[in-house]
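Order of the sequence lines fixes the chain letters, A, B, ..., with proteins taken first and strands second; residue numbering starts at 1 for each chain. The figures here come from the full heavy-atom set of this structure, side chains too, leaving out hydrogens, waters and symmetry mates.
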Amino acid sequence: MERLLEQIINGLQLGFVYALIALGYTMVYGIIKLINFAHGDVFMIGAFIGYFAYTFWGFSLWGAVLIAMILCAVLGVLIERIAYRPLRYAPRIAALISALGVSLFLEYFCSLKFVFGPNFRVVQPPVKQIHWNLGGIPITNIQIIIVAVVILLLLVLQYLVYRTKIGTAMRAVSFDHDAARLMGINVDFIIAFTFALGSALAAAGGVLYTLAYPQIHPFMGIMPGLKAFTAAVLGGIGIIPGAVLGSLIMGQVETLTAAYLTSQMRDAIAFLILIIVLLVRPSGILGRGGPEKV
Amino acid sequence: MLEVKDLEVFYGSIQALHRISFKINEGEIVTLIGANGAGKSTTLRTISGLVRPRSGKVVFRGTDITQVPAHTIVRMGIAQVPEGRRIFSNLTVLENLLMGAYTRNNKQEVEENLERVFKSFPRLKERIKQLAGTLSGGEQQMLAMGRSLMSRPSLLLLDEPSMGLSPIMVEEIFEIIKNINHEGTTVLLVEQNAFMALQIAHRAYVLETGRIVLEGPAKEVRDNPRVRTAYLGELAFVS
């Protein structure tokens, strides 16, 4: 029983980190109908920036999270400006190929010796792990930090998207670009803002990830990226609460598979879910029924 | 107020507008009538900046706006109610109206505009919390018009406001258009319902396959035999 509880809490921690990545996929898809395959690599760069910030630049954990979010927001805007905006009116497949190109570029560029280098680095997190037992529930301070920070960021995002003018404009643009232009909304700006927001969340996810899994390398974004993408599809791509729901499910599935089946099956099961969702309910759990109109 | 000069628009290799020219004076209701595919919507979309012309000019109050981005044109005082309304179904009625005021940063001014819009469209006020997608067709048209009025435009472009509405609703909408004009907004009205459009307009242009074939005061256009047979549903042998 205690083992199950422990696994569920591990799954929650993983799921909340996935949620931060999945939100970027889903918001970008919602606004320009593009799967930004470079998003997992933004997560990786966020993890590296956080690592540098708290290891070498003397920042606290919070400072590291903040600086990673800011720099990755800028990176996200640059990616959109250079790789996607020129293809805005090209066939969708062109932008998708461009996204794969950006992803590979970031991975191999970061592998260069004068950038991050190709090797694994072991991270010394700025917070020492402490094990607690809260009324029979085994939990660590790091798990509490991760869950608390993610919930805080989700609340901020919720407020931004549903209670502010720019958030309303984001929802308007995601519904109809031309109608939004006729309102005087600068659609290019809103799209850039969405990339900044999604990238900042992924960066926060990257820094938090290094607390729980203290090992980083330039290809570390691929798997979490694909799983967060799966989570976004599972919840219903383009739907913000769906990304969170899908991520929490993915987190549980992954840790429970690793604990009770075999950890080698973990990734296989995750992508089996993707295939099943695409076959059975491509609009996702919270999506409106039926396949998407193209 | 607005002058369109020798406008040519292409979609790929297909020419939608052939050097059309017309103008709108301050305070007028001008209507652009013509059959489906004549280029009416293209004309409006070009004025709003959603479509770029290959050649020709759009001049608004002495400023050449041909290359100005659509979102800036709204700031200059031109608002468009697009064909098919294009309301944001995923937003509430109130959020739709506030998006219409996107270019306005003065909160008090936005509140005042909101009150004005509710005065013209009392039905919207009852439904502010409702998702716009749940409104009836007529209410959606009202919302689309109210939304564009939220930017306090000096020139309102209306694209087929009668489309898909019941005859009673059409009467109501046209009555509102007249009122909007009375209160000082210049209107460019694109309609397939030529009969209604010619009743409220001061002047009219008739568009056929991308060319202006007739223009003049609405009354004269209404009496033109060709217009009567082609657009007002009279049989050729009667006239």
*Asks:* Given a strict heavy-atom distance threshold of 4.5 Å, which part of B:Ala144 is in contact with chain A: side chain, backbone, both, or neither?
*Replies:*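 Neither the backbone nor the side chain of B:Ala144 comes within 4.5 Å of chain A.
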
*Asks:* Using non-hydrogen atoms and a 4.5 Å limit, figure out which bit of B:Thr103 sits close to chain A: side chain, backbone, both or neither.
*Replies:*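 Answer is both: backbone and side chain atoms of B:Thr103 are under 4.5 Å from chain A.
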
*Asks:* Nearest 0.5 Å, what's the OG-CG distance between B:Ser48 and A:Leu182?
*Replies:* 5.5 Å

*Asks:* Do you know which of A:Ser174, A:Ala169, A:Ala179, A:Ala172 has the most heavy-atom pairs with chain B at a distance under 4.5 angstrom?
*Replies:*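 Looking at each option in turn, the highest pair count goes to A:Ala172.
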
*Asks:* Side chain of B:Asn90, backbone of A:Arg171: donor and acceptor closer than 3.5 Å?
*Replies:*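 Side chain of B:Asn90 to backbone of A:Arg171, a donor-acceptor pair under 3.5 Å: yes, one is there.
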
*Asks:* Could you tell me the separation between the CG atom of B:Leu98 and the NZ atom of A:Lys165, rounded to the nearest 0.5 Å?
*Replies:*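 With rounding to 0.5 Å, CG (B:Leu98) is 8.5 Å from NZ (A:Lys165).
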
*Asks:* Using the side-chain contact (heavy atoms from CB on, under 4.5 Å) rule, take A:Asp188 and B:His71 through it: C-alpha gap first, then chi angles, then the decisive distance, then the call.
*Replies:* CA-CA 10 Å; A:Asp188 283 337; B:His71 60 91; over 6 Å; no

*Asks:* What do you reckon, is CZ of A:Arg88 surrounded by more than 12 foreign heavy atoms closer than 6.0 Å?
*Replies:* yes

*Asks:* Is the shortest side-chain heavy-atom distance between A:Arg181 and B:Leu50 below 4.5 Å?
*Replies:*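 Yes, close enough: below the 4.5 Å cut-off.
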
*Asks:* Of the backbone (N, CA, C, O) and the side chain (C-beta and beyond), which part of B:Thr72 lies under 4.5 Å from a heavy atom of chain A, both, or neither?
*Replies:*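 No part of it gets close to chain A.
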
*Asks:* Check step by step if side-chain contact (heavy atoms from CB on, under 4.5 Å) holds for A:Met183 and B:Phe88.
*Replies:* CA-CA 11 Å; A:Met183 301 300 109; B:Phe88 303 114; 4.0 Å; yes

*Asks:* Would the number of heavy atoms belonging to other residues, nucleotides or ligands and lying under 6.0 Å from OH of A:Tyr162 be above 12?
*Replies:* yes

*Asks:* Out of curiosity, A:Ile185 CD1 to B:Met99 CE, how far, rounded to the nearest 0.5 Å?
*Replies:* 5.0 Å

*Asks:* Does any backbone or side-chain atom of B:Ile87 lie under 4.5 Å from a heavy atom of chain A? Answer side chain, backbone, both or neither.
*Replies:*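 Backbone of B:Ile87 only, per the 4.5 Å heavy-atom cut-off to chain A.
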
*Asks:* For B:Arg85, is it the side chain, the backbone, both, or neither that has a heavy atom closer than 4.5 Å to a heavy atom of chain A?
*Replies:* neither

*Asks:* Are there over 12 heavy-atom neighbours, none belonging to B:Gln108, within less than 6.0 Å of that residue's CD?
*Replies:*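 No, because the 6.0 Å sphere around CD of B:Gln108 holds 12 heavy atoms or fewer from other groups.
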
*Asks:* Can you tell me if CZ on A:Arg81 sees more than 12 non-hydrogen neighbours from other groups inside 6.0 Å?
*Replies:*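 Open: at most 12 neighbouring heavy atoms sit under 6.0 Å from CZ of A:Arg81.
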
